[in-house]
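Presented below is the structure to which this report refers.
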Protein chains: 2
Amino acid sequence: MPKIRVTLKTIASKLGISVPTVSRALKDYPDISKETKTAVLKLVDELHYIPNNLALNLRKNKSNIIGVIIPEVVHFFFSSVIKGIMQTAENHGYSVLLTQSQEQLKLEKKHAKLLFSSHVDGLLVCLSDETKSFDHFKIFEEFNIPLVLFDKVLDTDTISHVIINDREGAFQATEHLIHQGCSNILFLKGPKDPLNTIERFNGYKDALEKYNIPLDSSNIKSCPHITRPEAYHLVEKVIKEGQLFDAIFGVSDILSIGALGACQDNGIKVPEKVCIIGFSDSEMCEITRPQLSSVYQPGFEIGEKSTLKLIQEIQHIENDGEQKAEQIILKSSLKIRESSNRILKTFC
Amino acid sequence: MPKIRVTLKTIASKLGISVPTVSRALKDYPDISKETKTAVLKLVDELHYIPNNLALNLRKNKSNIIGVIIPEVVHFFFSSVIKGIMQTAENHGYSVLLTQSQEQLKLEKKHAKLLFSSHVDGLLVCLSDETKSFDHFKIFEEFNIPLVLFDKVLDTDTISHVIINDREGAFQATEHLIHQGCSNILFLKGPKDPLNTIERFNGYKDALEKYNIPLDSSNIKSCPHITRPEAYHLVEKVIKEGQLFDAIFGVSDILSIGALGACQDNGIKVPEKVCIIGFSDSEMCEITRPQLSSVYQPGFEIGEKSTLKLIQEIQHIENDGEQKAEQIILKSSLKIRESSNRILKTFC
DNA sequence: TAATATTACGTAATCGATTACGTAACCGAT
DNA sequence: ATCGGTTACGTAATCGATTACGTAATATTA
């Protein structure tokens, strides 16, 4: 036999007063007598009254919920982002309704609609690889529900977004490899479309250009699924075919780790013969032997900054303010470890 | 200038009919004329009417939201669980409100209350390490809101829970090490209280007993924070102090990986001199050299099964059925790789 | 003493949707 | 011509909380 939920009505009828009086007593309105207030507070405490958020949200047209659409949860980078989002949201009194697009536009659309109907106060989205337009987010704009994109975005100057400087990060990584004496650098890229893949490639090109190293298109290799075995087999094939290279830059740690394995299993010493660097600086980088150099991608910070921006926009709108889109670019930075460090003499 | 949300009222007044008529037209009630229905449907389509879930939830006293409290998001195992939860919830028309306890009882309590006031239809919880009682979940029981625990639970036969057979898994791992000829097995344990840590230790003991190997308490080492450096330094210290051992079983992959590093950096060959096995079978196991053997912990499946159980209980309650607690035990299994495999001759 | 001010509430509307119930208009049948 | 039945709606209540407004009862002042 489940208990019936305690509402203001419960308390009102127990005290023989009206519901609004109870409400006002709880909110300490000046026109409620002290006796009534203490009586209400006492009952509230005894009966463990907990306000019904659904009713509050309906009334106030505000849910204190932030909707999040992310492509994939099981991923070091994204889980860091989620943590950043949740921590920041919680600190500001917001809850997080989390959904997963699984890199599918169809699901992204579905979740956008669901989150809209759930009256989220704002939306944080990392676009799926399939997404090519913002059409399905138009309703949020129309109804003045703030939307902030992060990490994977499309070109826009009307929607705020938080990204990291992929181009700069990739540039630094490539330059670092060049400083190690490498000039024949394999570039392992991911799916072709996302802006950050493209930017990383641009950074790679920038560095080659700066040092007058011609771009060799046979050095550009594609791993569209971004899996370790994919990179492993690809690099192994390159080795077996006798293609020469002295460094590998993968757009994702997992690719570089696959590449590292292929080198090791084929007798190529890292970093002596080949320097390797990854992207993201995930946990795994410290686990490989040699440890993997990588471009640090501040996942937690992206989550944090996007959420802060979103909350700021929410509050701005509540105060009827006009809002202009802002682009926030976070810095990536190099984490140099053994896999690309020839100066720090290593082991094995 | 934000648009005003389209509600049933908008449509009703545009057509000069009443709100309930619009509602019934949309739900295809038989006592609404075809003309009215088509007119309503046409407007609904034109104005992009989207129902207000808040209002629906309030009316139906059902939110279609599942609350989740998890200790930590950035963790291979937990992110797999979350994925299992989200996928299953979505398939059954539920959304997921995710919160993080950060292993703090205080936050767990806070989130429980918040989720209750948000009228979640059910609650999935992985208890924090600090949690010693279910007191803060009593309200859910009282109001007949289903609660399902997973992974880290306390002893209970009134609350359904989904766990893996830690004892069996640890037994198999230890037995496997013994089969490799090891008899002096370091056991790296985590925080002392959680049931699964205890169970893993029991599995370890069971195996030793079966093979008549005396339990040497100096082989039991504690890594309460479960970090890689912790395990690294601990094992390094053991080596430097000259304590002998021929295998290491860590209750978490990250501990075993730390241990592996310590062995390698101190000239101890794995698996020739020391066999190592971990627990969870996270991504990282395939990345180390030698690759790390581990006890596979079905994260996705735990999420999936807990959610299914929860939804089943929710639906059961909606049909006024009585519900009895169920314990679901998932099987863990051995993933044997190079770090504990002396038969499959490895490298370097 | 009568007019006014203050105190401490209650009434009614509201948020958006649903649903039990009531009813006007029209039908055919007696 | 009146009755009963059907059709196609509208009215009112409801979910739980908030808030503008109204109003008795008492207190204060002219």
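Just so we're on the same page: letters track the sequence lines, and every chain starts at 1.
The aromatic rings of Phe140(B) and Phe137(B) sit tilted relative to each other, their planes meeting at an angle between 30° and 60°.
Residues passing the side-chain contact (heavy atoms from CB on, under 4.5 Å) test with Pro20(B) are Ser18(B), Arg24(B), sequence neighbours excluded. Residues that satisfy the ring pair (Phe, Tyr, Trp, His ring centres under 6.0 Å) test with Tyr94(B), not counting sequence neighbours, are absent from this structure. Here His136(A) pairs with nothing under the ring pair (Phe, Tyr, Trp, His ring centres under 6.0 Å) rule; sequence neighbours left out. Looking at residues two or more places apart in sequence or on another chain, you find no ring pair (Phe, Tyr, Trp, His ring centres under 6.0 Å) involving His119(B). For the salt bridge (Lys or Arg N to Asp or Glu O under 4.0 Å) test, residues two or more places apart in sequence or in another chain that qualify with Lys138(A) are Asp135(A). For Phe143(A), the ring pair (Phe, Tyr, Trp, His ring centres under 6.0 Å) criterion is met by Phe116(A), not counting sequence neighbours. Considering only residues two or more places apart in sequence or on other chains, Asp28(A) meets the salt bridge (Lys or Arg N to Asp or Glu O under 4.0 Å) condition with Lys37(A).
Shown for residues 16-26 of chain A: residues whose heavy atoms fall under 4.0 angstrom of DNA chain D, namely Val19(A), Pro20(A), Ser23(A), Arg24(A). Residues from residues 57-65 of chain A with heavy atoms under 4.0 angstrom of DNA chain C, sorted by number: Leu58(A), Arg59(A). Of the residues in residues 34-52 of chain A, those lying under 4.0 Å from DNA chain D by heavy-atom distance are Tyr49(A), Pro51(A), Asn52(A).
Taking the nucleotide of DNA chain C with the nearest heavy atom to each of Tyr29(B) and Leu54(B), the more 5' of the two is matched to Leu54(B).
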**Request:** Under the side-chain hydrogen bond (donor to acceptor under 3.5 Å, both in side chains) rule, what do Glu90(A) and Thr99(B) come out as? Steps first, then yes or no, please.
**Result:** CA-CA 9 Å; Glu90(A) 197 201 313; Thr99(B) 67; over 6 Å; no
**Prompt:** Yes or no on side-chain hydrogen bond (donor to acceptor under 3.5 Å, both in side chains) for Glu313(B) and Ser160(B), after CA distance, side-chain angles and deciding distance?
**Reply:** CA-CA 9 Å; Glu313(B) 292 198 5; Ser160(B) 292; 2.6 Å; yes
**Message:** One pair to check against side-chain hydrogen bond (donor to acceptor under 3.5 Å, both in side chains): Asn57(A) and Ser63(A). What are the steps and the verdict?
**Reply:** CA-CA 5 Å; Asn57(A) 296 343; Ser63(A) 61; 5.5 Å; no
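Axis angle across the helix from dT1(C)-dA30(D) to dT30(C)-dA1(D), with five pairs used at each end and values rounded to 10°: 80°.
Side-chain contact between Ile164(B) and Ile329(B) is absent, with no heavy atoms from C-beta onward closer than 4.5 Å. Looking at heavy atoms from C-beta onward, Leu149(A) lies in side-chain contact with Phe134(A) at the 4.5 angstrom threshold. Contact check for Ile11(A) versus Tyr49(A): side-chain heavy atoms found under the 4.5 Å cut-off. Ile145(A) has its side chain out of reach of Asp121(A): every pair of non-hydrogen atoms, C-beta onward, lies at least 4.5 Å apart.
A 4.0 Å heavy-atom criterion places the boundary nucleotides of DNA chain D facing chain A at dC15(D) to dC21(D), written 5' to 3'.
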